[in-house]
Amino acid sequence: VAAQAMATPCRLRLLLVLLAAVAVAASHPAHEAGGGGGGAGGCGGGGDGTRILIKGGTVVNAHRAEEADVYIEDGVVVAVRPNIPVGDDNVRVIDATGKYVMPGGIDPHTHLEMEFMGTVTIDDFYSGHAAALAGGTTMHIDFVIPVNGNLTAGLESYKHKAEKAAMDYGFHMAITKWNDEVSREMEVMVKEHGINSFKFFMAYKGSLMVTDDLLLQGLQKCKSLGALAMVHAENGDAVAEGQQRMIDLGITGPEGHALSRPPVLEGEATSRAIRLAKFVNTPLYVVHVMSTDAMEEIAKAKREGQRVIGEPVVSGLVLDDSWLWDPDFATASKYVMSPPIREAGHNKALQAALSSGILQLVGTDHCTFNSTQKAFGSDDFRKIPNGVNGIEERMHIIWDSMVETGKITVTDYVRVTSTECAKIFNIYPRKGAILKGSDADIIILNPKRSFAMGTRTHHSRSDTNVYEGRKGKGMVEVTISRGRVVWEDGNLNAVPGAGRYVRTPPFGYFFDGLDKSDAVYRASLRAPVRRGEAAAA
Ligand code: URQ
Ligand code: ZN
Ligand code: ZN
């Protein structure tokens with residue numbers, strides 16, 4: 001891995017910055033302590049770097065786009081209006097004429113430094129953040145995995161992983177075991193540690209998978225805490241059957257991965273989770289919706305007024321499964337993720353569902369394993385670590401594939417890449433907006449410039465990229481993270497320890513009125529029926 005890391009110039013520079021800054025990070029622990037704010041000020045000249053005036057751009061929020069200037073001071077947006085005069089020369093002025101000034105992307109679904117399938121993802125909270133910032137994403141929400149089912153130990157381990165954070169981050173918590181202790185710990189996570197979402201894996205039999213009984217307990221606990229239940233929806237039992245069926249047929253290559261877990265198994269689990277959430281009457285968030293089968297279940301539930309959130313990921317929106325049949329193992333295996341990338345057609349349908357609002361926000365499920373790690377499964381696809389990249393590419397790919405094609409507007413773009421996530425996880429408008437008082441997490445996108453993607457320029461530590469060679473329109477030229485310019489014209493200044501933990505409070509807007517629908521339900525029971533002397537009394 002060290003040899004590969006030395007391969008490319010920007011990774012060499014990253015390594016040097018990392019070594020230089022680790023000392024910095026060590027001196028100010030970021031988690032919940034108001035952050036370190038990082039050593040070196042903004043990159044690029046003019047002003048003290050904490051006061052920035054972005055002039056002449058089109059400021060885009062989810063609710064409207066307007067010609068306006070943006071003035072930032074000490075990491076916060078102070079003013080958004082036309083013709084803000086340039087004050088003293090202590091203000092850094094950035095010209096955004098002809099460009100879009102938008103909230104930084106928020107990625108709701110990532111796995112940095114995750115222990116999984118016998119190895120650890122190659123990107124950690126520094127390289128993952130460096131990639132994100134270079135791609136116009138300024139915050140993400142990662143999944144804490146408990147240690148032997150213990151949530152507190154899991155959180156402690158992820159707090160440690162996040163000490164090298166170069167941008168703001170939040171946490172979801174996975175639930176992999178159920179008992180009174182876990183139930184009590186969920187309460188502590190919500191009330192003391194600012195976690196308002198819990199993920200239940202209905203797949204990965206023998207490792208992360210939970211039973212329906214546990215899922216039911218978990219849904220009810222989430223409801224009582226005002227926390228959002230999230231599901232990885234695939235029928236894990238049937239997947240195990242599917243895997244054995246492929247092996248018995250002598251199909252051991254990456255194509256076997258897709259063939260072992262067809263869309264019907266994603267559709268079945270999605271409908272089951274949706275119906276259980278309906279039974280409990282609590283909101284449900286379906287992660288990485290990869291097929292029309294799952295999307296249709298979500299569309300049906302929403303038509304019936306149920307509160308279900310569907311999250312497609314970039315790989316499912318723009319790729320198809322033909323790569324898994326590539327004769328070169330290293331090429332095919334890099335596309336192995338779960339649920340699998342589907343045959344062409346599913347991606348277009350998922351894009352349409354995102355345009356129409358059936359699906360609401362775009363994640364990446366960034367979970368990177370390099371070619372050496374993927375090769376663990378060279379003789380058996382069941383041993384290929386599941387996961388693909390995307391944290392650096394998401395903002396560009398959604399702009400090119402959906403805005404440049406007219407499928408969504410620029411305000412929709414901000415909604416599905418930033419604002420919706422902030423609202424769902426209850427951190428809006430501090431995050432996900434360019435409004436007075438919002439954190440100054442801002443990107444400047446030049447629609448006239450083009451991008452090209454791949455391992456030669458990406459900031460991920462992986463030696464592979466599922467978007468290798470992809471070109472397109474729209475280039476994020478500037479990324480500002482809490483008021484500091486961290487990416488500008490190809491120069492990255494991601495400082496380990498500069499990132500802060502963002503608490504996500506419970507009872508987001510999805511919980512409004514649930515008590516009322518519960519009351520309607522109870523009234524609808526017309527029970528207990530009074531019989532016998534009770535009726536007579
Ligand atoms: O299932 C997930 O979300 C994790 C384990 C990432 N890997 C994947 O293939 N999706
Ligand atoms: Zn998953
Ligand atoms: Zn995931």
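Residue numbers run from 1 in the order of the sequence given. Whatever order the structure lists them in is the order used to number ligands and atoms, beginning at 1.
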### Protein contact of atom 7 (N) of ligand 1 - nearest heavy atom, named by residue and atom, plus distance
Asn386 O, 3.1 Å
### Query
Has Tyr204 got any heavy atom lying under 4.0 angstrom from an atom of ligand 1?
yes
### Query
Taking only residues two or more places apart in sequence or in another chain, which ones pass side-chain hydrogen bond (donor to acceptor under 3.5 Å, both in side chains) with Thr282?
none
### Task
Report the relative orientation of the aromatic rings in His109 and His288; use parallel for angles under 30°, tilted for 30 to 60°, perpendicular for over 60°.
tilted
#### Entry: Which of the ligand 1 atoms, numbered from 1, are nearer than 4.0 Å to a heavy atom of Cys367
6 (C), 7 (N)
### Query
Which one holds for His366 and ligand 1: side chain close, backbone close, both close, or neither close, with close meaning a heavy atom under 4.0 Å?
neither
#### Entry: Which of the ligand 1 atoms, numbered from 1, are nearer than 4.0 Å to a heavy atom of His232
1 (O)
### Query
Within a strict 4.5 Å, meaning less than it, do heavy atoms of the Tyr413 and Ile398 side chains meet?
yes
### Query
Which ligand 1 atoms does His111 reach within 4.0 Å, using its non-hydrogen atoms?
2 (C), 3 (O), 4 (C), 6 (C)
### Message
Give me the nearest non-hydrogen protein atom to atom 10 (N) of ligand 1 as residue plus atom name, then the distance to 0.1 Å.
### Response
Asp365 OD2, 2.5 Å
### Query
At a 4.0 Å threshold, what atoms of ligand 1 neighbour a non-hydrogen atom of Lys199?
2 (C), 3 (O)
#### Entry: Single hit among Thr137, Val314, Val313, Asn389 for side-chain contact (heavy atoms from CB on, under 4.5 Å) with Thr364
Val314
### Query
Side chains of Asp123 and His366: is there a donor and an acceptor less than 3.5 Å apart?
yes
#### Entry: Vertex the Zn ion (ligand 3), arms to His111 NE2 and His109 NE2, rounded to 10°
110°
### Pi-cation contact, Phe369 with Lys374 (under 6.0 Å, within 45°)
no
### Message
Which heavy atom of Val182 sits nearest to which heavy atom of Gly149, and what is that distance?
### Response
CG2-O, 3.8 Å
### Query
Going by the atom numbers of ligand 1, which of them fall below 4.0 Å from some non-hydrogen atom of Met337?
9 (O)
### Query
Are side-chain N/O atoms of Asp248 and Gln244 paired as donor and acceptor at under 3.5 Å?
yes
### Message
Below 4.0 Å from ligand 1: does a non-hydrogen atom of Met230 turn up there or not?
### Response
no
### Task
Anything under 30° is parallel, anything over 60° is perpendicular, the rest tilted; go ahead and classify Tyr169 against His129.
tilted
### Task
Measure distances from the Zn ion (ligand 2) and count the protein N, O or S atoms below 2.8 Å.
2
### Task
Would you mind listing which atoms of ligand 1 come within a distance below 4.0 Å of any non-hydrogen atom of His109?
3 (O)
### Task
From the options Arg430, Arg482, Arg500, select the one residue that forms a salt bridge (Lys or Arg N to Asp or Glu O under 4.0 Å) with Asp439.
Arg430
### Task
Provide, to 0.1 Å, the distance between atom 9 (O) of ligand 1 and the closest protein heavy atom, together with that atom's residue and name.
Ser338 N, 2.7 Å
### Message
Closer than 3.5 angstrom, by distance alone: can the side chain of Thr504 be matched with the main-chain N or O of Asn196 as a donor-acceptor pair?
### Response
yes
### Query
Considering all heavy atoms of both residues, which atom of Ser418 and which atom of Gly104 are nearest to each other, and what is their separation?
OG-O, 2.8 Å
